[in-house]
Amino acid sequence: MNLFAEIRTAVIAALETLVQAGDLPAGLDYAAVAVEPPRDKLHGDMATNAAMVLAKPAGLKPRDIAEALAAVLTQDGRIVVAEVAGPGFLNLRLAPSVWADVAGAALALGRDFGRSAMGAGQKVNVEYVSANPTGPLHVGHTRGAVFGDALAALLAFAGHEVTREYYINDGGAQVDTLARSVFLRYQEAHDLSVDWPEGSYPGDYLIEVGEALKAKVGNAYLDEPEEVWLDAVRSFATDAMLALIRSDLKLLNVEMDVFFSEKSLYGTGLIEAAIDDLRGKGLIYTGTLEPPKGKLPEDWEPREQTLFKSTAYGDDVDRPIMKSDGSWTYFAPDIAYHYDKVQRGFDQLIDVFGADHGGYVKRMKAAVAALSENRVPVDIKLCQLVKLFKNGEPFKMSKRAGTFVTLRDVVEQVGPDVTRFVMLTRKNDAPLDFDFDKAVEQSKENPVFYVQYAHARVASVLRRAAEMGIDTACTDFAIEDEAELELAKKIAEWPRLVEIAARTHEPHRVAFYLNEIASDLHTLYNKGNEAVQLRFLQEADPATSARKIALARAAQVVISAGLGILGVTPAEEMR
RNA sequence: GCACCCGUAGCUCAGCUGGAUAGAGCGCUGCCCUCCGAAGGCAGAGGCCAGGGGUUCGAAUCCCUUCGGGUGCGCCA
């Protein structure tokens with residue numbers, strides 16, 4: 001139940017009434033009519049721009065439309081005051097009972113309150129993490145993992161059918177490097193001393209993989225040339241890395257529906273099929289690209305290549321899909337992978353990448369647009385860097401991986417709940433500072449704590465109420481004070497916020513909202529210190545107390561639902 | 001050189017498909033702790049929304065441009 005949507009429906013019905021009465025011309029487009037919370041709450045509870053939006057097409061003055069609209073709307077029992085303001089806004093003030101009804105819905109629906117049918121019938125694929133299977137996940141992946149996971153949950157909450165997917169880059173040269181690195185560890189496991197060539201993966205995490213390989217094959221590969229063991233070791237190593245990555249994800253409670261292997265596209269005709277599809281559309285050709293302007297690669301020379309005409313779909317230059325030795329570039333399997341997603345019938349694709357893949361966005365969009373004939377939109381969300389701090393000092397090294405801090409390092413220090421919440425306290429395209437100490441600090445500056453505390457505070461009130469024999473299942477409300485009204489209104493905003501966040505693909509909005517509703521709850525609670533009649537717990541008047549507690553429970557339900565979307569456990573107590 | 005992202009209070013950042021007098025936290029100033037949990041609370045000061053043009057009844061938001069920061073830029077994925 002989205003109260004804003006309901007009032008908007010009422011506004012449009014009222015406009016129709018005006019049309020019937022001949023006060024407005026028929027056939028107006030109401031699409032731009034909005035009902036929103038006003039910026040300044042002194043203006044009322046909701047405002048509509050209907051009169052201003054319709055003034056021009058209707059050929060009338062905004063204020064005249066607004067006056068007429070106000071007259072009709074005040075006949076609605078929910079609307080107490082409708083007054084024209086500014087250039088033609090219509091400010092609405094709602095009856096207190098309306099807010100109580102919304103809070104009542106929250107209690108009745110529990111964590112399903114705010115669930116939307118917005119995405120009904122929409123199949124969405126969210127691809128995230130997709131880290132190369134060459135080592136443990138690091139901090140950057142962590143942000144992508146949390147973001148993608150929260151976004152998937154948010155879309156599901158908004159009614160979409162969501163598939164969470166991980167693309168395994170196991171087809172390129174980097175898994176060969178992995179295999180060779182594991183082979184070196186395998187040699188070490190046999191007490192041989194080895195040289196680490198430039199570009200190999202020297203992290204400690206491969207030591208046990210080398211030992212496991214020894215345990216499996218003994219000394220069978222020791223004196224053999226690469227041709228003998230490369231395939232087998234690569235497959236052994238990528239399996240091990242994938243197991244590592246899965247266990248990393250599990251630490252964060254991230255669970256994928258599909259792990260899609262790049263390798264599975266090779267030798268199966270899938271890449272060829274995707275490229276053929278593009279060729280059939282006249283988008284594949286052989287040609288020579290212009291050199292990039294400015295800093296020229298040193299070994300630049302004009303070269304004829306097989307190209308995808310991505311410029312036909314908004315890219316800046318056409319992109320090579322085949323190397324000069326006839327093998328595919330990395331782009332070709334990616335095209336095939338997205339072709340596969342399109343063929344699986346998704347209505348919408350979302351790719352979550354690191355910000356360093358920004359240059360990849362246009363060609364990927366071009367590819368999907370071409371493959372789906374503009375049917376399937378693809379939204380590519382870029383996650384910016386995470387800078388780690390400890391005691392305000394930059395924090396860089398990992399004991400495990402050597403050169404980078406791992407997901408495991410982070411989660412082991414602050415836990416999955418804190419990791420997830422903090423990662424969502426910034427917009428995805430804004431850089432994020434993550435301070436280990438602040439993240440676990442128990443103070444108002446720490447949003448994780450602040451929101452958890454609000455939830456726990458209600459739990460605490462409920463426990464004490466039960467001891468005092470106060471009804472904790474009451475569904476009547478006593479919403480009188482300004483602070484109570486604020487909280488009730490904030491609860492009513494939840495369904496609308498879900499839809500906005502889902503539409504914009506921005507789960508951080510949920511985190512910010514939770515901070516606000518927590519703030520309203522704390523404010524109300526603190527007000528009870530001075531104004532005794534505002535306290536939730538009132539031994540002398542259990543009936544009133546029960547109705548106050550009902551509001552606290554409604555807020556708690558919303559906080560719980562919001563945390564659920566973010567993948568954070570609501571705390572029952574903070575000790 | 002080109003493309004993408006970003007530029008909002010001293011600091012870190014929100015800001016809804018364009019809406020009214022641009023918000024929050026920290027920091028700062030002043031009050032407040034025998035009180036349902038003060039691991040705080042209340043109030044106040046503080047902004048040319050980087051600069052300039054344009055579209056619009058209306059622009060932090062859309063378009064153009066300048067400046068400043070980040071990322072990327074033909075057989076690496």
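Numbered from 1 within each chain, the chains take letters A, B, ... in sequence-line order. In this text the structure is predicted, and so the values were computed from the model without any measurement.
The side chain of A:Lys56 places an N or O atom within less than 4.0 Å of a non-bridging phosphate oxygen (OP1 or OP2) of B:rC57. The side chain of A:Arg63 places no N or O atom within less than 4.0 Å of a non-bridging phosphate oxygen (OP1 or OP2) of B:rC57. Contact annotation: A:Arg363 does not reach the phosphate of B:rA77 (side-chain N/O to OP1 or OP2, under 4.0 Å).
Each of B:rG74, B:rC16, B:rU56 was ranked by its minimum atom distance to the side chain of A:Arg303; first place goes to B:rG74. Checking B:rG72, B:rG74, B:rG15 against every side-chain atom of A:Asp356, the shortest atom distance belongs to B:rG72. Picking from B:rC16, B:rG19, B:rG15 the nucleotide with the shortest atom distance to the side chain of A:Pro37 gives B:rC16. Here B:rC16 is the nucleotide among B:rC5, B:rA77, B:rC16 with the atom lying nearest to any side-chain atom of A:Arg503.
For the pair A:Gln384 and A:Ala85, both in contact range of RNA chain B, the more 5′-proximal nearest nucleotide belongs to A:Ala85. Residues A:Met46 and A:Leu382 each lie close to RNA chain B; by heavy-atom proximity, the contact nearer the 5' end of the strand is made by A:Leu382.
Among the atoms of the strands shown, only primed sugar atoms or phosphate atoms (P, OP1, OP2) are found under 4.0 Å from some heavy atom of A:Ala430. Using a 4.0 Å heavy-atom criterion, one finds that A:Glu262 contacts the sugar-phosphate atoms exclusively. Counting any heavy atom pair closer than 4.0 Å across all strands shown, A:Pro431 reaches sugar-phosphate atoms only and no base atom.
Relative ring orientation between A:His522 and A:Tyr450 is described as tilted, the plane-to-plane angle lying within the 30° to 60° band.
Nucleotide B:rG70 holds its C1' atom 15 Å from the CG atom of A:Leu432, rounded to whole Å. In this structure, A:Phe147 places its CZ atom 14 Å from C1' of B:rC5, rounding to the nearest Å. Between the NZ atom of A:Lys427 and the P atom of B:rC6 there is a distance of 7 Å, rounded to whole Å. Distance, A:Asp437 CG to B:rU12 P: 19 Å, rounded to whole Å. At whole-Å resolution of the value, CD in A:Glu36 and C1' in B:rA20 are 12 Å apart. Note: CZ (A:Arg509) to P (B:rA24) measures 18 Å, nearest angstrom. Following rounding to the nearest Å, A:Asp176 (CG) and B:rA77 (P) show an atom-to-atom distance of 10 Å. Protein atom CZ of A:Arg426 is 17 Å distant from nucleotide atom C1' of B:rG70, rounded to whole Å.
Here A:Tyr360 does not lie in a stacked arrangement on the base of B:rG72, lacking the combination of planes under 30° and ring centres under 5.5 Å apart. Lacking a ring centre under 5.5 Å from that of the base six-membered ring together with a plane angle below 30°, A:His357 does not count as stacked on B:rG72.
In summary, A:Arg509 and A:Glu506 engage in a salt bridge, as defined by a charged side-chain N under 4.0 Å from a carboxylate O.
Side-chain contact annotation: A:His505 with A:Asp379, donor-acceptor N/O pair under 3.5 Å present. Under the 3.5 Å distance criterion, with hydrogens and angles disregarded, a donor-acceptor pair is assigned to the side chains of A:Tyr360 and A:Asp334. Remark: the A:Gln174 side chain and the A:Thr134 side chain contain no N/O donor-acceptor pair separated by less than 3.5 Å.
Across all strands shown, B:rA3 pairs with B:rU71; the Watson-Crick or G-U wobble distances both stay below 3.5 Å. Pair assignment for B:rC48: none, as no Watson-Crick or G-U wobble contacts are both less than 3.5 Å. Remark: B:rA60 base-pairs with no nucleotide; criterion is Watson-Crick or G-U wobble with both hydrogen-bond distances under 3.5 Å. When both distances must be under 3.5 Å, the Watson-Crick or G-U wobble mate of B:rG27 does not exist.
With hydrogens and angles ignored, no donor-acceptor pair under 3.5 angstrom links the side chain of A:Asp334 to the base of B:rA77.
B:rC13 and B:rC2: their P atoms are spaced 29 Å apart (whole Å).
Applying the 6.0 Å contact sphere to CD of A:Glu441 captures more than 12 heavy atoms from other residues, nucleotides or ligands.
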